[in-house]
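Report on the following structure.
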Protein chains: 2
Amino acid sequence: MSPAKRSPASPARSRSNDPEGMRNRILDAAFDAFVTRGYHATAMNDIRDLAGVSGGAFAHHFPSKKQLGLAVLKERVADAVTQSWIAPVQQAATPKEGIRTVMTAIIDELSARAKVTGCPLNNLAHELSGGDRDFQVACAAVFDRWQQGIAEALMRDGTAYEAAEAGRLAGFVIASYSGAMAMAKSRQDVGALCDCRAMMDRMIP
Amino acid sequence: MSPAKRSPASPARSRSNDPEGMRNRILDAAFDAFVTRGYHATAMNDIRDLAGVSGGAFAHHFPSKKQLGLAVLKERVADAVTQSWIAPVQQAATPKEGIRTVMTAIIDELSARAKVTGCPLNNLAHELSGGDRDFQVACAAVFDRWQQGIAEALMRDGTAYEAAEAGRLAGFVIASYSGAMAMAKSRQDVGALCDCRAMMDRMIP
DNA sequence: ATCAAAACAGGTCATTTATCCTGTTTTATA
DNA sequence: TATAAAACAGGATAAATGACCTGTTTTGAT
């Protein structure tokens, strides 16, 4: 066999497939674009270019935009909620302190950055959970895990809660934060989040 | 002049222009479509067909989709907030009772209807305030009016609030409601709103 | 080594979308 | 009544979008 048989264009560099890495690059680019610009406002071309993958590879991993959106919800948005909210609150000395620490961390990060992009879950949930059933279920699942994670932390605390009461309080914490973040995004000002943090301090025993 | 000179197609019915009514029909259709399906998910064709207007009339009143979206925010979403929240709370005997009444009315209406479509302002704010500056400012203006309306009611109440404290509390009420509605929309279940109403009862003095 | 399937490359295609265009009718103004 | 502008009608269009398609290379199983 002739030595120049392999690649017609790039002669030396042989391709080594990394399907998982390729998939992750697409998911990362899609997560960023969907959360910051919105699902419908983002074109598949944008994600493809952002991730730097070919159309063939893109279509191989995600044959449709809906499948990509669902994967972003289940494999990126869910993890973001776990890492930024559930885990810190559960690992804190008390849930009250954990919630305050999380809020402060988010406020500080937003203050450092130029733009307030909002909560990934709420951004996507508002745009998608009203239309498609699969999106609605996927968003609801993340909200459920979020609420249950906070409720568990509240129940493990010294201040004994009934399960129902812990669930209600956890839901109210999530709702207040979500709404405050919505106002902060609209105003491009973290003030609403600071007020929310102060109110929660008074509210949580 | 010959009697059949006027309209080539419909002979008898003469057209009487009603530009304000035409504009309102377009705005109503756009408001409904933008809030329920989303801004980007709604095509101009859909609104045009829903309103039953010609392309020419449509383009005459709203030359671009962005202008239509801004008009919907300023002339429909803002009014919806005033009529469903600000006015009832300000007219109630006490702001606490007014807030409970508003929440109950919304919960009852959602329970009667089949679908939880969410808060018009929050739906549009989440999708639009992140991208375009004009949209962001328009959404923020509605949030500001909303918060100030509730804060005024709190300050007129017997329980004297400082202006700053009334503003913080009003913002927290709006944030909690907005977030609870987001969860209700995702889950298609009013439970989060009921819990929110109960928590507010404990919180507001 | 053989073979089938997975992974990837690059381009095409039908459809949708928002906007615009030409022409007609109505209204307001003088 | 003359005239310009507003209001409306119906269709055209260029751009963008999501999906698809043919071919090549890599990988894993036998």
Side-chain angles (χ1 to χ4, degrees), chain A residues 1-2 4-27 29-30 33-34 37-72 128 131-132 135, chain B residues 1-2 4-27 29-30 33-34 37-72 128 131-132 135:
Chain A
M1 292 96 179
S2 62
K5 181 200 163 191
R6 320 188 88 236
S7 312
S10 52
R13 177 184 37 188
S14 70
R15 194 176 83 193
S16 95
N17 288 355
D18 179 20
E20 199 172 339
M22 175 84 74
R23 199 183 126 96
N24 281 329
R25 285 201 348 246
I26 297 175
L27 278 176
F34 286 166
R37 305 181 208 171
Y39 176 82
H40 286 107
T42 303
M44 296 285 266
N45 277 354
D46 300 342
I47 301 171
R48 205 192 57 190
D49 296 347
L50 250 153
V53 302
S54 68
F58 194 93
H60 174 73
H61 288 283
F62 300 101
S64 77
K65 191 179 186 181
K66 179 178 172 178
Q67 290 182 45
L68 176 59
L70 287 171
V72 166
L128 301 176
D132 188 277
F135 280 128
Chain B
M1 291 97 178
S2 63
K5 180 199 162 190
R6 318 189 88 232
S7 311
S10 53
R13 180 184 35 189
S14 70
R15 191 176 85 195
S16 97
N17 287 357
D18 179 19
E20 198 172 340
M22 175 85 73
R23 199 185 128 96
N24 281 328
R25 281 194 2 237
I26 298 174
L27 279 175
F34 286 166
R37 305 182 209 170
Y39 177 82
H40 286 108
T42 303
M44 295 287 263
N45 277 353
D46 299 343
I47 302 170
R48 205 190 58 189
D49 295 348
L50 249 152
V53 302
S54 67
F58 193 93
H60 174 73
H61 288 283
F62 300 102
S64 76
K65 191 178 186 181
K66 178 178 172 178
Q67 289 181 46
L68 176 58
L70 287 171
V72 165
L128 299 176
D132 187 277
F135 279 128

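The sequence lines fix the lettering, A, B, ..., with proteins before strands; numbering per chain opens at 1.
Spacing between atom CZ of A:R48 and atom P of C:dC8 amounts to 15 Å, rounded to whole angstrom units. The distance from atom CG of B:D49 to atom P of C:dA18 is 12 Å, rounded to the nearest whole Å. The interatomic distance linking A:N45 (CG) with C:dC13 (P) rounds to 16 Å, in whole Å. With rounding to whole Å, A:H40 atom NE2 is found 15 Å from D:dA16 atom C1'. Following rounding to the nearest Å, A:I47 (CD1) and D:dG18 (P) show an atom-to-atom distance of 8 Å. Rounding to whole angstrom units, CE of residue B:M22 and P of D:dA6 are separated by 16 Å. A:M44 places its CE atom 16 Å from the C1' atom of C:dT16, with the value rounded to the nearest Å. The interatomic distance linking B:R23 (CZ) with D:dA6 (C1') rounds to 15 Å, in whole Å.
Under the ring pair (Phe, Tyr, Trp, His ring centres under 6.0 Å) criterion, A:F34 pairs with A:Y39, not counting sequence neighbours. Residues forming a ring pair (Phe, Tyr, Trp, His ring centres under 6.0 Å) with A:F58 (at least two apart in sequence, or on another chain): none. Contacts of A:N24 classified as side chain to side chain donor-acceptor pair (under 3.5 Å), with partners at least two apart in sequence or in another chain: A:R76. Remark: A:R23 pairs with A:E75 by the side chain to side chain donor-acceptor pair (under 3.5 Å) rule, at least two apart or across chains.
Heavy-atom distances under 4.0 Å link DNA chain D to A:S64, A:K65 of residues 52-68 of chain A, given in residue order.
Place B:P19 and A:A43 on DNA chain D by their nearest nucleotides, and B:P19 ends up nearer the 5' end.
Of all non-hydrogen atoms in B:T42 and B:K65, the two that sit nearest each other are O-NZ, 2.8 Å. The minimum heavy-atom distance linking A:H61 with A:P19 is given by the pair CE1-O, 3.3 Å.
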Discussion item. Under the criterion side chain to side chain contact (heavy atoms under 4.5 Å, CB included), I'd like the reasoning laid out for A:R37 against A:D46: C-alpha separation, chi angles, the key distance, then a yes or no.
Written reply: CA-CA 11 Å; A:R37 305 181 208 171; A:D46 300 342; 3.7 Å; yes
Item to complete: Under the side chain to side chain contact (heavy atoms under 4.5 Å, CB included) rule, what do B:L50 and B:I26 come out as? Steps first, then yes or no, please.
Response: CA-CA 8 Å; B:L50 249 152; B:I26 298 174; over 6 Å; no
Practice prompt. Start with the C-alpha gap between A:H40 and A:L128, add the side-chain angles, then the distance that decides, and say whether side chain to side chain contact (heavy atoms under 4.5 Å, CB included) holds.
Written response: CA-CA 9 Å; A:H40 286 107; A:L128 301 176; 4.1 Å; yes
I'd like a list of close polar pairs between nucleotides 27-30 of chain D and the protein, N/O only, cut-off under 3.5 Å.
{"residue": "D:dT27", "atom": "OP1", "partner": "A:N17", "partner atom": "N", "Å": "3.4"}

